[in-house]
There are 2 protein chains.
Amino acid sequence: MAQADDGTGLPASLATAWGLRERPSRGPKPTLSLDRIVDEAVAIAAADGVEAVSMPRVAKALGVSTMSLYRYVGAKGELLILMQEAATPPAPVLDPAASWRASMERWAREQRKIFYANLWLLRIPLTGPPATPRQVEWMECGLSALADTGLAEEAKLSVLMLVGGYVRNEAAVMSSIDAAIRESGRTPDEHLREYARTLSVLTTPERHPGVTRVLDSGVLQGADGEDDEFEFGLACVLDGVAALIERGGGS
Amino acid sequence: MAQADDGTGLPASLATAWGLRERPSRGPKPTLSLDRIVDEAVAIAAADGVEAVSMPRVAKALGVSTMSLYRYVGAKGELLILMQEAATPPAPVLDPAASWRASMERWAREQRKIFYANLWLLRIPLTGPPATPRQVEWMECGLSALADTGLAEEAKLSVLMLVGGYVRNEAAVMSSIDAAIRESGRTPDEHLREYARTLSVLTTPERHPGVTRVLDSGVLQGADGEDDEFEFGLACVLDGVAALIERGGGS
DNA sequence: CAGTAATGCGTAAGCCATACGCAGAAGCCG
DNA sequence: CGGCTTCTGCGTATGGCTTACGCATTACTG
């Protein structure tokens with residue numbers, strides 16, 4: 001009755017991701033493999049965005065019919081999860097001698113690198129708390145960075161969510177800008193300038209003194225210093241975490 | 001040639017949101033109004049999630065044909081933007097005498113309240129930097145909270161993105177959990193417990209010492225204290241901002 | 001060498017967004 | 001007041017999407 005009995009009561013997509021399902025050895029040889037499907041889907045997403053990933057398109061790229069894919073994947077959502085998993089490299093091995101702060105910085109920066117290399121990742125809606133192998137691996141990695149801080153377990157989770165959320169959010173904004181740019185065919189610099197112009201048309205110094213000041217300051221004129229802005233925010237977040245740790249950590 | 005000339009070069013959806021487009025007075029009286037359409041769409045999203053919002057469904061709920069809607073809305077994406085706008089109340093008027101920290105706390109909490117009251121909001125993918133009236137209004141509000149901090153304009157923007165991103169991210173996680181719960185028909189508590197059980201099946205103490213410790217600590221047993229967790233993270237973020245301000249603010 | 005189970009895939013049902021064009025209604029101008 | 005213009009609602013149609021189902025075919029297993 002229920003789905004393939006893999007011992008756990010896991011949803012099929014997770015079971016697949018954890019490699020708990022074995023292919024049977026009975027029928028004809030499969031023409032494809034899960035890996036080839038996922039790789040192709042990732043390639044399409046990288047080239048044209050996630051919204052371009054459809055079962056017909058993936059199948060066509062692989063030279064098979066649409067429905068063949070469903071012999072490997074239970075549903076499209078499953079494919080999306082597997083794509084995320086495939087695009088996420090293993091978590092780094094942190095230097096145990098390094099300070100928690102250096103470790104968290106590395107954790108954050110490496111995650112950011114992944115997002116920037118796969119901006120389509122951020123266009124996949126969240127499906128729930130982290131439960132795929134790589135997600136758990138990164139979680140473990142983050143926890144290990146905080147192991148010696150004396151924080152309560154609950155606080156560690158909160159810190160990870162805080163820092164991870166910051167990274168994700170910053171990248172998501174970039175990703176949305178990237179998607180908008182891709183659609184409009186402008187360059188990033190044009191886009192920012194266009195945005196500044198739009199804002200200046202819509203706002204008035206009386207009703208929007210703060211926004212006007214920002215516009216006048218010329219901050220929105222050049223798209224340089226993305227990294228600086230990220231590091232700025234990261235430092236800010238970690239300062240907050242440091243304050244928490246010094247205070248003696250959340251009981 | 002180009003779209004309706006509203007003076008600015010704005011995309012149609014924004015022009016509509018800012019009320020820059022007037023309905024002509026020539027033909028027959030419209031049966032509907034933009035407001036009624038948006039309200040109905042919001043009601044559907046609140047009841048069944050954004051993915052349930054389709055043009056046919058909205059039209060049916062209003063008792064008109066599908067294509068009638070396109071007399072009021074240029075495309076579905078436009079409707080989604082208008083829905084966001086409709087669900088966002090005006091930004092609060094901050095007490096000018098309050099400290100920046102108290103003001104930012106209020107700013108963050110009120111935003112969180114909006115998200116929690118409209119969890120479907122977080123399932124709409126970001127479309128770009130804030131450019132609708134309400135978004136600009138909230139941005140102005142946030143800037144006013146930071147007016148007396150001595151921060152550089154650029155730093156103010158970063159802080160808003162930091163705090164706003166934190167709020168958004170925390171709510172987005174809640175929203176994804178909500179969506180998962182809605183789909184599976186479980187209660188929130190069951191869901192969390194199920195998650196803990198899944199994790200404990202998939203992890204081993206050797207490979208995942210940190211995760212194991214978290215599981216053993218029983219943190220994932222009760223779903224209470226959402227607010228506490230939010231306040232915890234917010235305090236952390238604002239501590240970081242405070243450190244920045246005391247340091248003399250980002251030149 | 002059966003039998004059985006797994007394969008690829010065709011068909012089709014039921015969603016969706018939206019381009020286009022037409023009949024008729026409401027305002028405007030002479 | 002008559003005609004022209006403009007705008008309305010909506011029917012039709014196209015081309016996308018996901019995915020349920022069933023069929024012929026293939027290759028292991030006993």
Pairing of Glu190(B) and Arg193(B) as salt bridge, 4.0 angstrom limit: no
Quick check: closest heavy atoms across Val211(A) and Thr203(A), and the distance to 0.1 Å?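 Heavy-atom minimum between the residues: CG1-CG2, 4.0 Å.
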Residues Ile37(A) and Leu79(A): closest non-hydrogen pair is CG2-CD1, 4.1 Å
Check for a donor-acceptor pair, side chain of Ser175(B) on one end and backbone N or O of Ala171(B) on the other, with a separation under 3.5 Å.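 No, Ser175(B) side chain to Ala171(B) backbone: no donor-acceptor pair under 3.5 Å.
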Using whole Å, report how far [atom1] of [X] lies from [atom2] of [N].
X	N	atom1	atom2	value
Leu32(B)	dC7(D)	CG	C1'	15 Å
Glu78(A)	dT18(D)	CD	C1'	14 Å
Lys60(B)	dC10(D)	NZ	P	14 Å
Glu51(B)	dT18(D)	CD	P	16 Å
Leu79(B)	dA17(C)	CG	C1'	12 Å
Tyr72(A)	dT19(D)	OH	C1'	18 Å

Would you say Ser65(A) reaches dG8(C)'s phosphate, i.e. side-chain N/O to OP1/OP2 under 4.0 Å?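 Checking dG8(C) against Ser65(A), no side-chain N or O comes under 4.0 Å of OP1 or OP2.
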I'd like to check the ring-ring contact (aromatic ring centres under 6.0 Å, His included) partners of Tyr70(B); sequence neighbours left out, ordered by chain and number.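 Here no residue qualifies.
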Kindly write out the residues that satisfy ring-ring contact (aromatic ring centres under 6.0 Å, His included) with Tyr72(B), not counting sequence neighbours, or none if the list is empty.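 For Tyr72(B) there are no ring-ring contact (aromatic ring centres under 6.0 Å, His included) partners, ignoring immediate neighbours.
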Generate the contact string for nucleotides 18-27 of chain C. Rules: B means base contact, S means sugar-phosphate contact only, - means no protein heavy atom under 4.0 Å. BBBB--BBBB
Does Glu110(A) have any salt bridge (charged side-chain N to carboxylate O under 4.0 Å, His left out) partners at least two apart in sequence or in another chain, and if so, which? Arg106(A)
Take Ser54(B) and Ser68(A), find for each the nucleotide of DNA chain C with the closest heavy atom, and name the residue whose nucleotide sits nearer the 5' end.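 The 5'-side residue here is Ser68(A).
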What's the separation between atom OG1 in Thr127(B) and atom CD in Glu78(B), rounded to the nearest 0.5 Å?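 Between Thr127(B) OG1 and Glu78(B) CD, I get 12.0 Å after rounding to 0.5 Å.
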Near DNA chain C, counting only heavy atoms under 4.0 Å, which residues of residues 35-45 of chain A show up?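 Residues of residues 35-45 of chain A under 4.0 Å from DNA chain C: none.
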Mind checking what makes side chain to side chain contact (heavy atoms under 4.5 Å, CB included) contact with Pro130(A), not counting sequence neighbours?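 Result, side chain to side chain contact (heavy atoms under 4.5 Å, CB included) vs Pro130(A): Gln135(A), Met139(A), Tyr195(B).
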